[in-house]
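Right, one structure below, let's go through it.
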Amino acid sequence: MQEVKATMAGSVWKITVKQGEQVEEDQDIVILESMKMEIPIGAEEAGTVKELKVAEGDFVNEGDVIAIIE
Amino acid sequence: MSYVEDLQNRIAKIEKGGHEKYHQKNEEKGKLFVRKRLELLFDEGMDIEDAFFANCMDDSLPSDGVVTGIGKINGQPVCVMANDSTVKAGSWGKRTVEKIIRIQETAMKLEIPILYLVDSAGARITDQIEMFPGRRGAGRIFHNQIKLSGRVPQVCLLFGPSAAGGAYIPAFCDVVVMVDGNASMYLGSPRMAEKVIGEKVSLEEMGGAKMHCSVSGVGDVLVKSEEEAIEYSRKYLSYFPANFREKPEMMEPKKIKSFEKSIKELIPANQNAPFNMHDLIKRIIDEESFCEIKKKFAPELITGLARIDGKTVGIIANQPKMKGGVLFPDSADKSAKFVQLCDAFNIPLLFLVDVPGFMIGTKVERAGIIRHGAKMLATMSEATVPKISVIVRKAYGAGLYAMAGPAFDPDCCIALPGAQIAVMGPEAAVNAVYANKMLELPEEERAGFIKEKQDEYKDNIDIYRLASEMVIDAVIEPDKLRDELTRRFSIYEAKNVNFTERKHGVYPV
């Protein structure tokens with residue numbers, strides 16, 4: 001099991017995967033918007049998206065869990 | 001037995017190091033014997049070894065657990081101290097410490113690099129009066145390291161533990177290479193932490209190689225094996241002169257690799273979209289010449305040594321792909337040390353700028369981002385080596401300053417077309433200036449108004465306007481950047497300036 005975490009504080013701009021979807025290593029899970037920049041947050045390992053913990057528009061802090069991948 | 005036979009027997013015995021069972025233990029962990037490490041490190045073995053017979057009256061302590069001497073790397077002589085973990089776990093006794101101090105003194109006299117091959121459990125507590133508190137006790141090793149810092153390159157290869165006070169050896173080196181799984185650094189062991197403060201933690205979590213190379217930043221380079229650590233160190237040293245008086249040696253200039261995509265095609269026009277700065281670096285440096293430092297730590301800023309047309313340069317580049325390339329306390333730290341390293345050894349600096357600014361918010365303010373950022377500015381400002389700053393896409397706010405902007409005396413500040421330099425980006429600026437006005441406007445007019453003001457703002461910070469005001473010195477076609485840098489660095493080589501006169505600055509640390 002892998003927790004995908006926010007690398008910095010910002011708001012969730014786009015969620016690019018769906019629950020249950022197969023993802024590859026480095027594939028973007030969400031794109032945050034912070035400091036007016038698009039911040040892609042990718043999966044560290046390949047797997048299935050078990051749970052998405054955020055919705056578009058949510059504020060996340062650095063270290064918050066965004067998704068769980070199995 | 002003749003005297004000569006006696007000598008030969010003694011040498012043969014000492015050369016073997018500690019008891020066979022410790023050799024086996026090391027082998028199981030993928031650790032090489034100290035003399036094997038040295039054989040791999042040097043071009044052709046060690047040329048000089050001193051105090052080989054240290055503590056030879058005691059059969060159980062061959063060479064007192066450390067090998068010290070001089071050999072050649074890339075044809076250049078370097079000093080080395082290498083712990084022997086088969087001898088009392090590489091712990092330090094009186095003579096161990098004296099040997100380390102002496103090889104440091106040699107490095108100081110000859111002004112040649114020194115390498116520390118560390119694999120040691122720390123002090124021999126039974127010997128503490130002789131090796132810990134005195135004038136030539138272990139403290140002297142660190143005092144010497146501090147004195148040597150910036151005078152000659154100091155490299156640490158961490159093969160095993162570096163515990164308690166011993167952990168300051170890596171801390172004072174220019175670069176620390178750590179072998180994953182075996183190398184560790186900590187002031188108090190997990191066992192001690194549990195006894196003294198009640199924390200339960202594993203060695204890997206608290207002081208392992210991965211942690212230090214990605215979280216604490218005390219380690220610089222994470223490698224998989226001792227062979228890889230040695231190979232990295234040999235490559236690393238090829239970028240450096242023997243000491244601060246000399247310049248790095250020039251290598252045979254190499255062409256750049258050919259790529260399908262040009263630099264122009266690589267950089268997204270949308271300022272907010274990410275791209276991989278490594279792809280740009282590859283297109284301006286000699287093929288395979290990049291030697292990255294602190295790859296896993298604060299990856300939003302890339303630091304590394306490279307060659308352009310055969311000549312060493314130090315590259316500091318924002319990485320838009322990671323955290324938007326925003327500067328954080330850790331990235332500021334990373335830059336400060338790297339810039340000091342290059343400036344100390346006459347390595348010109350290249351800043352590749354694509355920075356939205358320093359991070360804002362409670363978390364970073366509490367972490368002291370102002371003081372860390374100030375450190376980044378101070379080291380860059382003080383550097384007197386040739387400095388070129390290239391505005392690749394954007395330089396907002398104090399990000400411009402931290403990346404060797406025009407006010408900090410770079411030899412030139414050049415921009416690629418489309419680059420933006422401003423206090424902040426158009427979106428943020430329009431929000432800041434017209435916040436009240438925007439609230440007053442009816443909803444349907446708001447979007448149009450914002451767009452109009454943003455366009456006005458963009459025109460106002462247009463790169464040719466800045467070129468017209470001579471804020472930047474040149475606007476360059478992206479795919480001519482390498483040629484431009486080659487010519488400029490070759491001319492700026494003659495630079496010879498003194499930053500200022502005083503004992504030393506008083507900056508935040």
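Below, chains carry the letters A, B, ... as their sequence lines are ordered, and counting in each starts from 1. Since the model is a prediction, treat every value here as computed from it, not as a measurement.
Classified by interplanar angle (parallel below 30°, tilted 30° to 60°, perpendicular above 60°), the ring pair B/Phe408/B/Tyr401 is tilted.
Side chain to side chain, B/Asn272 and B/Glu427 meet the donor-acceptor criterion of an N or O pair below 3.5 Å.
Both the backbone and the side chain of B/Met359 come within contact range of chain A, each with at least one heavy atom under 4.5 Å from a heavy atom of that chain. At a 4.5 Å heavy-atom cutoff, the contact between A/Ser34 and chain B is made by side-chain atoms alone. Within the 4.5 angstrom heavy-atom criterion, no atom of B/Glu300 approaches chain A.
In this structure, A/Ser11 contributes its side chain and A/Asp58 its backbone to no donor-acceptor pair below 3.5 Å.
Taking the ring axis of B/Phe328 as reference, the NZ or CZ atom of B/Lys323 stays within 45° of it and closer than 6.0 Å to the ring centre.
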